[in-house]
Amino acid sequence: MKKLTLLSTFLFFTACAGSGGDGIFLEPASLAVDSTNSRVFVLENEGRLIAVDATNQDDIGDQPRISRKRNADIHDLLPSSPAHTAVYSDGTTSRLFISGAIANDEGNLVTNRITVLDFDGTTFSISGISPITVDDGNDGTTDTDDVLGDLVVDQANGLLYVSNVSNGNLFVYNTSDGTEDVAAIAIGGEPNQMSLDNDRLYIANTSTVEAEQVITVVNTVDNSLTEIDLDAPTSDVSVSTNDAGTIMLATQSSGGQKVFVRLVDTATYAASTAISAGDDSAQDGELVSGLGLTSTVGGVIVVSNGTSLFGYVGQADGDAAFISFANDLSSFTTTSLISSTSVLEQPVVYADGSTDAIVYMLATSSGDLVWVDAGDNGLDARF
């Protein structure tokens, strides 16, 4: 269950969040889930961090919170505007990896540094491996202003994947000690947000260079690469598999509102096919403005409820497009799920290991936490 055209999108949503709202959060900016320990983490602007129970949306204990008043040492290590967050479950401890503009040892704000915090269910602490500094090893380049496209944790193998929009590389770190697991992997272009599905990591690319307008697929076993050509720059991607096949949603990052709806060729991982629209709620292989989409896309996710696959697309007007796939994945239909919140973004999945899964999204402008049980066509929100 992370991520310029990316920068402009991020700034747009941050600006929307900056006004705050009447919800439970002041200025929510980033969201992450620890499914093993049933925790949702919400990072707010200005270095605030809150933990919530993922099963019932209740506060954990007395609602553990990082703020300048409560935890000045930790607060000062958090970005004022968080960009991405990922979580590794280390037993009963949640290890959080957080990116954004973070002060370095000289007090200067840099964007290539990742703060690492540990949460034991009661208390946040600074991890012994914090910070992780993303360095391409080239002394002739400046890394401190590099934009990190996304952070994704491979829970099974204890790895943290970091895409670097600025230098076209993918970095892989060990979640236990923060060291590089392998040398930087050259993706090219502007690798952006990512999605991990089984032993494949899918990476969107915002590059406007035609040859780089692909979804790069990394085999996480041997780090070999294949490419799925979409002939369009993309900022976000989500992939999930069931017995019928592998579904991919990808958000076009320029040239209008569009979400690609594709079936991945898992024989080669080098091609995909457009899935047919089952009715006039969308068009074959994509959602576009007026046909599946009502506003700017804030995030996409594909999720399984144990048997079937479903898609959710959060949007800036508080609407979520619900995508229902046929059992054989040959077609799809969309439904508009309008909430009373706004600016739905950063969807993440809580899965308890059986058939239950919950999709969480942030309503950044209103300060609400929004969720839906996988496969349901109605949104809930904690106001």
Side-chain angles (χ1 to χ4, degrees), residues 1-4 6 10 30-36 39-41 43 82-90 94-100 111-117 129 132 134 146-166 168-176 178-182 184-185 187 189-206 215-221 223 225 228 234-241 246 248-251 264 269 299-303 345-351 357 359-361:
M1 328 237 175
K2 126 213 296 32
K3 186 345 302 359
L4 68 161
L6 165 68
F10 168 69
S30 185
L31 187 66
V33 170
D34 176 354
S35 288
T36 300
R39 298 164 184 159
V40 177
F41 296 95
L43 275 82
H84 302 285
T85 310
V87 182
Y88 173 70
S89 307
D90 185 7
S94 302
R95 174 158 287 180
L96 284 76
F97 301 89
I98 303 164
S99 69
T111 52
N112 70 326
R113 177 171 283 205
I114 300 169
T115 293
V116 188
L117 301 181
I129 71 172
I132 296 174
V134 180
D146 282 2
V147 174
L148 305 183
D150 200 6
L151 311 179
V152 168
V153 160
D154 180 347
Q155 177 65 37
N157 296 300
L159 298 175
L160 171 70
Y161 290 94
V162 181
S163 58
N164 190 320
V165 174
S166 301
N169 286 330
L170 175 70
F171 294 85
V172 189
Y173 299 97
N174 191 301
T175 57
S176 63
T179 58
E180 282 194 72
D181 186 72
V182 296
I185 300 171
I187 303 299
E190 300 173 0
N192 201 328
Q193 297 192 70
M194 302 179 286
S195 178
L196 182 66
D197 179 57
N198 296 322
D199 59 0
R200 294 296 191 280
L201 180 72
Y202 297 76
I203 308 174
N205 203 310
T206 57
I215 301 294
T216 299
V217 186
V218 182
N219 183 328
T220 59
V221 176
N223 294 319
L225 307 180
I228 298 174
T234 54
S235 57
D236 195 7
V237 63
S238 182
V239 182
S240 188
T241 297
T246 298
M248 178 177 71
L249 301 181
T251 305
V264 176
Y269 293 96
V300 296
I301 199 159
V302 186
V303 61
E345 63 175 326
Q346 296 206 21
V348 294
V349 175
Y350 160 72
V359 175
Y360 282 93
M361 288 180 277

Worksheet item: Between T179 and N174, does any side-chain donor sit less than 3.5 Å from a side-chain acceptor?
Response: no
Practice prompt. Please report the shortest heavy-atom distance between S240 and D197, naming the atom on each side.
Written response: CA-OD1, 3.5 Å
Item to complete: Considering non-hydrogen atoms only, spot the tightest contact between D154 and N157 and give its length.
Response: OD2-ND2, 2.9 Å
Worksheet item: Could you state the interatomic distance from CG (N192) to CG (D236), rounded to the nearest 0.5 Å?
Response: 7.5 Å
Discussion item. Within this structure, what is the OH-CD1 distance for the pair Y161 and I185, rounded to the nearest 0.5 Å?
Written reply: 7.0 Å
Discussion item. Could you go through Y269 and I228, starting from their C-alpha distance and side-chain angles, then the distance that decides it, and tell me whether this counts as side chain to side chain contact (heavy atoms under 4.5 Å, CB included)?
Written reply: CA-CA 7 Å; Y269 293 96; I228 298 174; 5.7 Å; no
Worksheet item: Any donor-acceptor pair under 3.5 Å linking the side chain of N198 with the backbone of R200?
Response: no
Worksheet item: S166 side chain to V147 main-chain N or O, any donor-acceptor pair under 3.5 Å?
Response: yes
Response to the item:
What one should report as the nearest heavy-atom pair of G178 and Y173 is O-CD2, 3.5 Å
Response to the item:
Closest non-hydrogen contact found for S176 with I129 is O-CG2, 3.5 Å
Worksheet item: How many angstroms lie between atom CD1 of I187 and atom CG of L170, to the nearest 0.5 angstrom?
Response: 5.0 Å
Item to complete: Give, for atom CG of L151 and atom OG of S99, the distance between the pair rounded to the nearest 0.5 Å.
Response: 4.0 Å
Worksheet item: Okay, side chain of R95, backbone of D90: is any donor-acceptor separation there less than 3.5 Å?
Response: no
Worksheet item: Hey, what do you get for CE (M248) to OH (Y202), rounding to the nearest 0.5 Å?
Response: 8.0 Å
Worksheet item: Does V134 offer a backbone N or O that forms a donor-acceptor pair with the side chain of N112 under 3.5 Å?
Response: yes
Discussion item. Show the nearest heavy-atom pair for residues V237 and S195, with the distance to one decimal.
Written reply: O-CB, 3.4 Å
Discussion item. Run F171 and L148 through side chain to side chain contact (heavy atoms under 4.5 Å, CB included) and show every step you take.
Written reply: CA-CA 10 Å; F171 294 85; L148 305 183; over 6 Å; no
Worksheet entry | Backbone N/O of V302 and side chain of S238: donor-acceptor pair under 3.5 Å | yes
Worksheet item: What residue among L96, V348, L117 forms side chain to side chain contact (heavy atoms under 4.5 Å, CB included) with F41?
Response: L96
Fill in: Side-chain donor/acceptor of T216 to backbone N/O of I203, under 3.5 Å
no
Discussion item. Whether the side chain of T234 engages the backbone of T251 through a donor-acceptor N/O pair (distance < 3.5 Å, no angle test) should be reported.
Written reply: no
Item to complete: Determine whether V40 and Y350 make a side-chain contact, defined as any pair of heavy atoms from C-beta on separated by less than 4.5 Å.
Response: no
Worksheet item: How many angstroms lie between atom OG1 of T220 and atom CG of L159, to the nearest 0.5 angstrom?
Response: 8.0 Å
Discussion item. Whether the side chain of T111 engages the backbone of D146 through a donor-acceptor N/O pair (distance < 3.5 Å, no angle test) should be reported.
Written reply: yes
Practice prompt. Please name the pair of heavy atoms, one in S30 and one in T85, separated by the smallest distance, quoted to 0.1 Å.
Written response: OG-OG1, 2.8 Å
